[in-house]
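Numbers restart at 1 for each chain; the letters A, B, ... are given by sequence-line order, proteins then strands. Computed from a predicted structure; not experimentally measured.
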Protein chains: 2
Amino acid sequence: MNSFTEENYLKAIFKLSQKTNDGVSTNAIAESLETKASSVTDMIKKLSEKKLVNYKKYQGVSLTKKGKDIAVSIIRNHRLWEVFLVEKLNFKWDEVHDLAEDLEHINSKKLTNQLDAFLEYPKYDPHGDPIPDKDGNIHRHQDITLADLKLNEQGIVVGVKEHSKSYLNYLESINLVLGTEIKVKEVVDFDRSMSVTINKENTVNISHQASKNLIIKRS
Amino acid sequence: MNSFTEENYLKAIFKLSQKTNDGVSTNAIAESLETKASSVTDMIKKLSEKKLVNYKKYQGVSLTKKGKDIAVSIIRNHRLWEVFLVEKLNFKWDEVHDLAEDLEHINSKKLTNQLDAFLEYPKYDPHGDPIPDKDGNIHRHQDITLADLKLNEQGIVVGVKEHSKSYLNYLESINLVLGTEIKVKEVVDFDRSMSVTINKENTVNISHQASKNLIIKRS
DNA sequence: ATATATTTTTAGATTAGTCTAAAAATATTT
DNA sequence: AAATATTTTTAGACTAATCTAAAAATATAT
């Protein structure tokens with residue numbers, strides 16, 4: 001068995017490798033887990049002993065098959081629990097992350113799969129992140145954001161790239177939730193802010209900072 | 001915040017004080033948590049520092065109000081999760097204990113109360129143990145077991161005093177589940193075994209060991 | 001009431017995970 | 001290519017929770 005701490009390292013390494021393709025650096029892991037580089041080195045050695053990561057001194061680290069399987073299954077747990085909290089227990093999408101961080105470490109294949117069935121095999125969590133299936137397959141959205149849309153193009157909001165409470169609250173305050181239809185009415189050249197129409201009803205102004213974190217499916 | 005370990009000590013002390021009324025002994029705690037007396041002494045000192053237990057060397061230990069509140073809320077969590085696992089995720093009553101041991105430590109009043117509401121405020125868990133309410137009140141069953149019933153008396157099975165997989169499996173194999181109506185048809189004097197009729201249908205023989213662990217409500 | 005047995009506590013060591021400070025390796029600049 | 005900066009690793013220390021072995025306190029038996 002692996003400790004919560006080990007699992008959190010595996011998850012962090014998995015998420016960081018998504019971005020880089022390359023080996024993940026000690027410092028990147030330290031930053032992501034809000035710990036010190038020396039602690040990371042220690043833990044990497046331990047994970048390497050357990051054959052969960054590939055590691056050569058000073059060369060960065062990558063997950064082995066075994067390590068990746070664990071990371072993916074924890075992410076699966078996390079996202080299923082988020083769905084449960086929102087769909088069944090009436091939590092808001094900005095309230096579920098921390099609880100899911102704890103729940104994800106409850107280690108039972110049966111629990112995970114029964115929960116999945118109970119929720120009717122959801123494909124995405126409340127933030128639009130894809131839920132890995134039983135076999136660890138992840139169907140990612142195409143990486144198109146609102147900021148990529150040109151004048152008069154339209155799409156459906158299918159996810160967010162930034163998960164902070166403040167961003168999620170802001171989106172909700174302007175009625176921008178998953179499934180919302182959005183159309184670009186104006187693009188301001190100098191700061192890349194946009195005017196967009198939401199659900200063919202109201203029009204709002206959105207900063208580039210906000211639009212580049214909104215994942216869109218063209219429609 | 002308290003660690004899982006601290007919470008488990010509080011829970012163990014709470015359960016042991018139910019039985020004794022008196023202060024709980026170091027050895028009793030050690031046995032219940034499958035650890036050593038010396039470890040218990042160390043932890044008791046720590047809990048005492050935190051004002052969660054009353055402790056005087058060599059005099060046994062008892063919970064303070066604060067300690068008791070924590071213990072009860074963990075038991076509430078445990079039993080609510082057991083209901084969830086059985087009612088919503090189709091677990092059997094002999095499969096849920098270990099998972100609930102983990103889930104009980106997820107610390108969120110909101111989660112607990114929303115789960116309670118989602119389950120429609122159950123009063124008992126799948127083994128008939130009472131679920132403490134929001135304010136920590138516990139409505140215990142009267143302590144009558146099948147072994148207390150006389151010839152021709154009858155009652156409803158409302159709980160078990162022994163939670164081992166083997167006992168629970170045995171009960172299920174003879175169709176003895178919560179809610180079953182049971183009537184004493186014969187009591188064998190020398191070994192106190194009984195013949196009982198289950199749901200007015202079939203009649204089975206039950207050892208004293210089995211009957212004294214079955215909690216009954218007279219009917 | 002003294003001797004013996006049991007229980008509880010203390011002393012000192014161990015393991016997991018973390019940290020700081022310094023050393024070693026790698027990367028960047030001039 | 002040497003000097004400087006950055007990153008990574010090592011060395012050694014700390015805390016939480018545990019353990020074994022021995023000492024101290026309490027309980028039981030004769």
Side-chain angles (χ1 to χ4, degrees), chain A residues 1-14 16-17 19-63 67 70-71 74 101-102 104-105 107, chain B residues 1-14 16-17 19-63 67 70-71 74 101-102 104-105 107:
Chain A
M1 249 322 74
N2 309 295
S3 69
F4 285 18
T5 311
E6 289 169 307
E7 292 184 349
N8 284 332
Y9 272 89
L10 294 174
K11 198 174 48 146
I13 295 166
F14 179 82
L16 291 166
S17 10
K19 297 171 191 169
T20 60
N21 295 316
D22 235 25
V24 177
S25 79
T26 303
N27 264 354
I29 298 168
E31 191 187 4
S32 144
L33 292 175
E34 297 181 47
T35 183
K36 301 293 165 175
S38 54
S39 308
V40 173
T41 303
D42 287 348
M43 180 55 85
I44 285 172
K45 281 182 187 164
K46 191 177 163 196
L47 295 174
S48 179
E49 288 285 314
K50 289 183 156 197
K51 310 269 186 210
L52 297 172
V53 302
N54 306 113
Y55 173 58
K56 274 204 201 99
K57 274 192 200 176
Y58 296 101
Q59 299 314 128
V61 71
S62 64
L63 294 177
I70 293 169
I74 291 164
E101 285 291 293
D102 290 340
E104 70 187 8
H105 299 291
N107 208 312
Chain B
M1 249 322 73
N2 310 296
S3 69
F4 285 18
T5 312
E6 290 170 307
E7 292 184 347
N8 284 333
Y9 272 88
L10 294 174
K11 197 174 50 148
I13 296 166
F14 179 82
L16 291 167
S17 5
K19 297 172 190 167
T20 61
N21 296 316
D22 235 25
V24 177
S25 79
T26 303
N27 264 354
I29 298 169
E31 192 187 4
S32 145
L33 292 175
E34 297 181 43
T35 182
K36 301 294 166 174
S38 54
S39 309
V40 174
T41 303
D42 287 348
M43 180 55 85
I44 285 172
K45 281 183 188 164
K46 191 177 164 195
L47 295 173
S48 179
E49 288 283 316
K50 289 183 156 197
K51 310 271 186 209
L52 298 173
V53 302
N54 306 116
Y55 173 58
K56 275 204 200 101
K57 273 192 200 178
Y58 295 102
Q59 299 314 127
V61 72
S62 64
L63 294 178
I70 293 169
I74 291 164
E101 285 291 293
D102 291 340
E104 70 186 8
H105 299 291
N107 208 313

Walk me through it: do B:E104 and B:K11 pass the test side-chain contact (heavy atoms from CB on, under 4.5 Å)?
CA-CA 11 Å; B:E104 70 186 8; B:K11 197 174 50 148; 2.7 Å; yes

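- Within 4.0 Å of B:T41, counting heavy atoms only, lies at least one base atom of the nucleic acid.
- If you measure from atom CG of B:L33 to atom C1' of D:dT18, you get 13 Å, rounded to the nearest angstrom.
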When the side chains of residues 35-42 of chain A are checked against the rest of the protein, which donor-acceptor pairs come out under 3.5 Å, sequence neighbours left out?
unit_1	atom_1	unit_2	atom_2	d
A:T41	OG1	A:A37	O	3.2

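- The nearest whole Å value for the distance from the CE atom in B:M43 to the C1' atom in C:dT10 is 17 Å.
- In this structure, the side chain of B:S17 engages the main chain of B:I13 through a donor-acceptor pair within 3.5 Å.
- Atom NZ of B:K50 has more than 12 heavy atoms from other residues, nucleotides or ligands within 6.0 Å.
- When the salt bridge (charged side-chain N to carboxylate O under 4.0 Å, His left out) test is applied to A:E31, no partner is found at least two apart in sequence or on another chain.
- A sub-4.0 Å separation between OP1 or OP2 of D:dT9 and a side-chain N or O of A:K45 is absent.
- Rounded to whole Å, the distance from CG on A:D42 to P on C:dT20 is 13 Å.
- The CD1-P distance, from B:I44 to D:dA16, rounds to 18 Å in whole Å.
- Ring-plane geometry between B:F4 and A:F4 is classed as perpendicular, the angle between the planes exceeding 60 degrees on a 0 to 90 degree scale with a lower cut at 30.
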Just the atom pairs and distances: protein N or O near nucleotides 20-29 of chain D's N or O, under 3.5 Å.
unit_1	atom_1	unit_2	atom_2	d
D:dT20	O4	B:S38	OG	3.0
D:dA25	O4'	B:Y58	OH	3.4

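- Between the side chain of A:S48 and the backbone N or O of A:I44 there is no donor-acceptor pair closer than 3.5 Å.
- Atom-to-atom, CG of B:N8 to C1' of D:dT18 comes out at 15 Å; the value is rounded to the nearest Å.
- Remark: P of C:dA16 and CD of A:E49 are 11 Å apart, rounded to the nearest angstrom.
- Sequence order on DNA chain C of the closest nucleotides to B:Y55 and A:E34 puts B:Y55 first from the 5' end.
- Between D:dT18, C:dT8, C:dT18, one nucleotide has an atom nearer to the side chain of A:T35 than all others, and that is C:dT18.
- Side-chain N/O atoms of A:S25 include none lying less than 4.0 angstrom from OP1 or OP2 on D:dT7.
- Among the nucleotides C:dT18, D:dT7, D:dC19, the one closest to the side chain of A:N27 is D:dT7.
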